[in-house]
Amino acid sequence: MKPSIPKGTRDFGPEQVRKRNFIFTTIETVFTKYGFARIETPAMESLDTLTGKYGAEGDQLLFKVLNNGDFLSKVEPSLLEDKDSSKVLPNISKRGLRYDLTVPFARFVVMHQNEIQFPFKRFQIQPVWRADRPQKGRYQEFYQCDADVVGSNSLVYEAELVQIYDEVFHRLNIPVTIKINHRQILFGIAEKLGIEDQFQAITVAIDKMDKIGLSGVKEQLRMAGLATPHIEWISELLSQPNLENVEHLLGDSSAAQEGLLTIKTVFEYLKRTSLHQQIRFDLTLARGLSYYTGCIFEVAIDTQVINSIQMGSLGGGGRYDNLTGIFGLSGVSGVGISFGAERIYDVLEAIDGFPPSTASSLQLLICSLDQKGLGEAFYIAHILREKGIHCDLYPDAAKLKKQLKFASDRAIPYCLILGSEELATQLYTLKNMDDGSQAKLKLSDLIDQFS
RNA sequence: GUGGUUGUAGCUCAGCUGGUUAGAGCGCUGGAUUGUGGUUCCAGAGGUCGCGGGUUCAAAUCCCGUCUUCCACCCCA
């Protein structure tokens, strides 16, 4: 059979793993510095835990795991005849692959609430799975890097998370804009116009601003059934999207007031920190229909600095008031952010931003010209490794040409050559692969040179 | 989920409206150099043309299905 892997999944070779780890360890370092502790949760969760948390569309994108055993025999024959998948599904699948890290985390918090000290700061870097249609930068298996704080309403965490975004992208050397908004400000628009029931339609339309422009948003609102004066009013609001103007136009909405105050407080906290990245209030940021209730964040490439790459958001997050409520623990507020590692990878690849590969961690390769030399090479490798020297031996007494090419291809800086002459004199030929020079050394001198 | 797109040697790609043994560059292997790589020269190996079916005297080429890739929606990281 021809080997293949499922669509939207990937293998990672050594070089890709190195580059990915550069991203992961950078994120981990910063998370840890801010006091977040790493946890891990299983790839599979009970389907009960996952379904209904991501909306009807999200449920469609969940990967379900079939029950073990003869699962069909336990299903009512009438159910099978109806061919209604949604009815049969609960009978044949109890588990699914996690869709994100936030819901499993909420489950974790509720299950371990008695062991956890609040506010609890945790981070998690693990793969998640979505049965989405793949595109470039969108996969069915991909990693998320999440940091969340639960059990506190304090806005210092909003400010901290902004700092984390700032520092991670500074360390990765990617210029970004950190956008911040507040759900209550968006709700204020609907409230002010007295059309609270249209809140979702309004946010979905506004969210597309940077993609389809003001006229496109107006068209969307029209299709959603908003009255023309309302559309014009929203249009005016969107064309003056700085904090002062929004305050002026929305100030008499109580919801918007709360949101505006929150944003101002966060900016106040950040005022005396030296941020490297652009941070901007952005009224058009809406973050879909997800569970956020307070501040929302999104990170995108700073197009003022880099305009050559089209790339969606590199991260997002926000505050959710009652995430653990569905698992029976109410009154726990949380705020969190996520990094899109796959997209960050693509950006770093595009701007050539990865640190240069030290192609080999090996300091030297031991080459032997005959069987006797190979035995000696094995022994010398053992001695050198005991001294902590990174070395390897070519596994056969192949042609020297082949062995040197092997070292050359792997950018190993030195080769030690063991032939009959070297064995007889106990003086080993050390070849510098950079300039081609050679020297004869005793084993003790060799150890001195490399340790 | 809707509409479109892609698949030829290890890699990047040619192959026009169907017509003999499907090509190139790079890479790989061997030799020039029987103990010296990264340069050069010479030679060689390597392909179920994504998979399955159909049309035809004849299919990499046309048709259908399927998988995969990428794109636009939807949504999202």
Side-chain angles (χ1 to χ4, degrees), chain A residues 1-10 13 23 27 54-62 85 98-102 125-146 200 203-205 207-208 211-212 216 220 286-290 292 297-301 310-317 336-347 359 365 367-370 373 394 397-424 428-440:
Chain A
M1 70 171 278
K2 203 170 188 173
S4 67
I5 55 175
K7 76 170 159 204
T9 65
R10 298 150 296 160
I23 297 170
I27 292 170
Y54 310 103
E57 294 202 18
D59 287 355
Q60 294 292 328
L61 300 179
L62 284 176
S85 304
R98 63 166 168 254
Y99 179 89
D100 70 359
L101 299 177
T102 308
I125 300 176
Q126 287 190 278
V128 304
W129 293 268
R130 293 183 190 180
D132 206 354
R133 193 175 282 202
Q135 278 180 36
K136 199 187 194 72
R138 290 178 71 165
Y139 305 95
Q140 296 206 332
E141 177 186 70
F142 62 97
Y143 276 71
Q144 285 195 332
C145 315
D146 279 23
Q200 283 203 350
T203 55
V204 167
D207 197 30
K208 292 179 182 162
K211 202 167 197 174
I212 58 179
Q220 285 264 321
R287 300 289 303 157
L289 306 172
S290 42
Y292 299 119
F297 310 107
E298 196 163 287
V299 180
I301 295 182
Q310 289 293 316
M311 185 63 70
S313 73
L314 302 182
I337 55 171
S338 183
F339 287 85
E342 320 292 342
R343 286 182 177 175
I344 292 172
Y345 185 101
D346 289 343
V347 170
L365 180 76
C367 308
S368 40
L369 300 171
D370 52 38
Y394 197 89
K399 287 188 178 178
L400 185 57
K401 176 188 169 87
K402 195 170 179 182
Q403 301 191 45
L404 291 175
K405 183 166 162 48
F406 179 92
S408 190
D409 288 346
R410 286 162 183 72
I412 300 171
Y414 288 92
C415 284
L416 192 71
I417 302 171
L418 302 186
S420 52
E421 195 185 309
E422 283 83 359
L423 292 191
Y428 306 110
T429 304
L430 182 68
K431 181 180 177 73
N432 180 327
M433 297 303 284
D434 198 36
D435 58 19
S437 65
Q438 297 187 183
K440 298 239 174 181

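In what follows, every chain begins at residue 1, and chains take the letters A, B, ... in the order their sequences are listed.
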Integer-rounded Å distance: [N] [atom2] and [X] [atom1]:
X        : N      : atom1 : atom2 : result
A/Leu101 : B/rC76 : CG    : C1'   : 15 Å
A/Asp59  : B/rG1  : CG    : P     : 15 Å
A/Gln140 : B/rU69 : CD    : P     : 8 Å
A/Asp146 : B/rC76 : CG    : C1'   : 14 Å
A/Asp409 : B/rU29 : CG    : C1'   : 13 Å
A/Lys405 : B/rG37 : NZ    : C1'   : 8 Å
A/Lys211 : B/rC71 : NZ    : P     : 12 Å
A/Arg138 : B/rA72 : CZ    : C1'   : 11 Å

Practice item. Nearest-nucleotide wise, let me know which of A/Leu61 and A/Ser437 is further upstream toward the 5' end of RNA chain B. Key: A/Ser437

Check your understanding: Which sits closer to the 5' end of RNA chain B, A/Ile5 or A/Gly316, going by the nucleotide each is nearest to?
Key -> A/Ile5

Point to revise | A/Leu404/A/Met433 under side chain to side chain contact (heavy atoms under 4.5 Å, CB included): CA gap, chis, key distance, verdict | key: CA-CA 8 Å; A/Leu404 291 175; A/Met433 297 303 284; 4.1 Å; yes

With rounding to whole Å, what would you report as the distance between [N] and [M] at their [atom1] atoms?
N      : M      : atom1 : value
B/rG4  : B/rA14 : C1'   : 25 Å
B/rC73 : B/rU29 : C1'   : 50 Å
B/rG44 : B/rU48 : C1'   : 23 Å
B/rU20 : B/rG27 : P     : 31 Å
B/rC51 : B/rA22 : P     : 16 Å
B/rG52 : B/rA9  : C1'   : 23 Å
B/rG3  : B/rC74 : C1'   : 12 Å
B/rC67 : B/rU5  : C1'   : 15 Å

N/O contacts under 3.5 Å, protein versus nucleotides 47-52 of chain B?
unit_1	atom_1	unit_2	atom_2	d
B/rG50	O2'	A/Lys2	NZ	3.3

Check your understanding: Which word best sums up how the rings of A/Tyr54 and A/Tyr99 line up, parallel for under 30°, tilted for 30 to 60°, or perpendicular for over 60°?
Key -> tilted

Is the backbone N or O of [Y] less than 3.5 Å from a side-chain atom of [X], with the two atoms forming a donor-acceptor pair by type?
X        : Y        : answer
A/Glu342 : A/Arg138 : no
A/Gln140 : A/Pro134 : no
A/Glu141 : A/Gly8   : no

Hey, does [X] reach any base, or is it just sugar-phosphate, or nothing, if we go heavy atoms under 4.0 Å?
X        : answer
A/Gly58  : nothing
A/Ser338 : nothing
A/Gly137 : base
A/Tyr139 : base
A/Gly8   : sugar-phosphate
A/Asp434 : base

Exercise for review: Evaluate the side chain to side chain contact (heavy atoms under 4.5 Å, CB included) criterion for residues A/Gln144 and A/Arg98: first the C-alpha distance (whole Å), next the side-chain angles of each, then the deciding distance (0.1 Å), finally the verdict.
Suggested key: CA-CA 11 Å; A/Gln144 285 195 332; A/Arg98 63 166 168 254; over 6 Å; no

Revision key, fill the gap. A/Gly336 and A/Phe297 have their tightest heavy-atom pair at O-CD1, 4.4 Å

**Study point:** Residue pair A/Arg287 / A/Ser313: nearest heavy atoms and the distance that separates them
**Key:** NH1-OG, 4.3 Å

Practice item. State whether the aromatic ring of A/Phe142 stacks on the base of B/rA77, taking stacking to mean ring centres under 5.5 Å apart and ring planes under 30° to each other. Key: yes

Exercise for review: Decide yes or no on side chain to side chain contact (heavy atoms under 4.5 Å, CB included) for A/Phe142 and A/Val128, but give the supporting numbers first.
Suggested key: CA-CA 6 Å; A/Phe142 62 97; A/Val128 304; 3.5 Å; yes

Exercise for review: Could you check A/Tyr414 against A/Leu365 for side chain to side chain contact (heavy atoms under 4.5 Å, CB included), going step by step and ending with a plain yes or no?
Suggested key: CA-CA 6 Å; A/Tyr414 288 92; A/Leu365 180 76; over 6 Å; no

Review point. Quick check: are there more than 12 heavy atoms from other residues, nucleotides or ligands sitting under 6.0 Å from NZ of A/Lys440?
Key: yes

Nearest listed nucleotide, side chain of [X], among [options]:
X        : options                : answer
A/Gln144 : B/rA77, B/rG37, B/rC75 : B/rA77
A/Gln135 : B/rC28, B/rA77, B/rC71 : B/rC71
A/Ser408 : B/rA77, B/rG38, B/rU36 : B/rG38

**Study point:** Any A/Lys402 side-chain N or O less than 4.0 Å from OP1/OP2 of B/rU29
**Key:** no

**Study point:** Distance, nearest 0.5 Å, that separates CG of A/Asp132 from CD of A/Gln60
**Key:** 11.5 Å

Exercise for review: Could you tell me the separation between the CZ atom of A/Arg133 and the CG atom of A/Leu61, rounded to the nearest 0.5 Å?
Suggested key: 11.5 Å

Review point. Counting only distance, no hydrogens or angles, is the base of B/rU68 paired donor-acceptor with the side chain of A/Lys7 under 3.5 Å?
Key: no

Review point. Is any side-chain N or O of A/Arg133 under 3.5 Å from a base N or O of B/rU2, one able to act as donor and the other as acceptor?
Key: yes

Study note, to complete from the structure: Applying the Watson-Crick and G-U criteria (both distances under 3.5 angstrom) with [ ] for crossing and | for other-strand pairs, one obtains for RNA chain B ((((..(..((((.....[...)))).(((((.......))))).....(((((..]....))))))..))))....

**Study point:** Side-chain donor-acceptor pair present, A/Glu422, A/Thr429, cut-off under 3.5 Å
**Key:** yes

Pick out the pairs of N or O atoms, protein on one side and nucleotides 33-35 of chain B on the other, that lie under 3.5 Å.
unit_1	atom_1	unit_2	atom_2	d
B/rG35	O6	A/Glu421	N	3.4
B/rG35	N1	A/Glu422	OE1	3.0
B/rG35	N1	A/Glu422	OE2	3.3
B/rG35	N2	A/Glu422	OE2	2.8

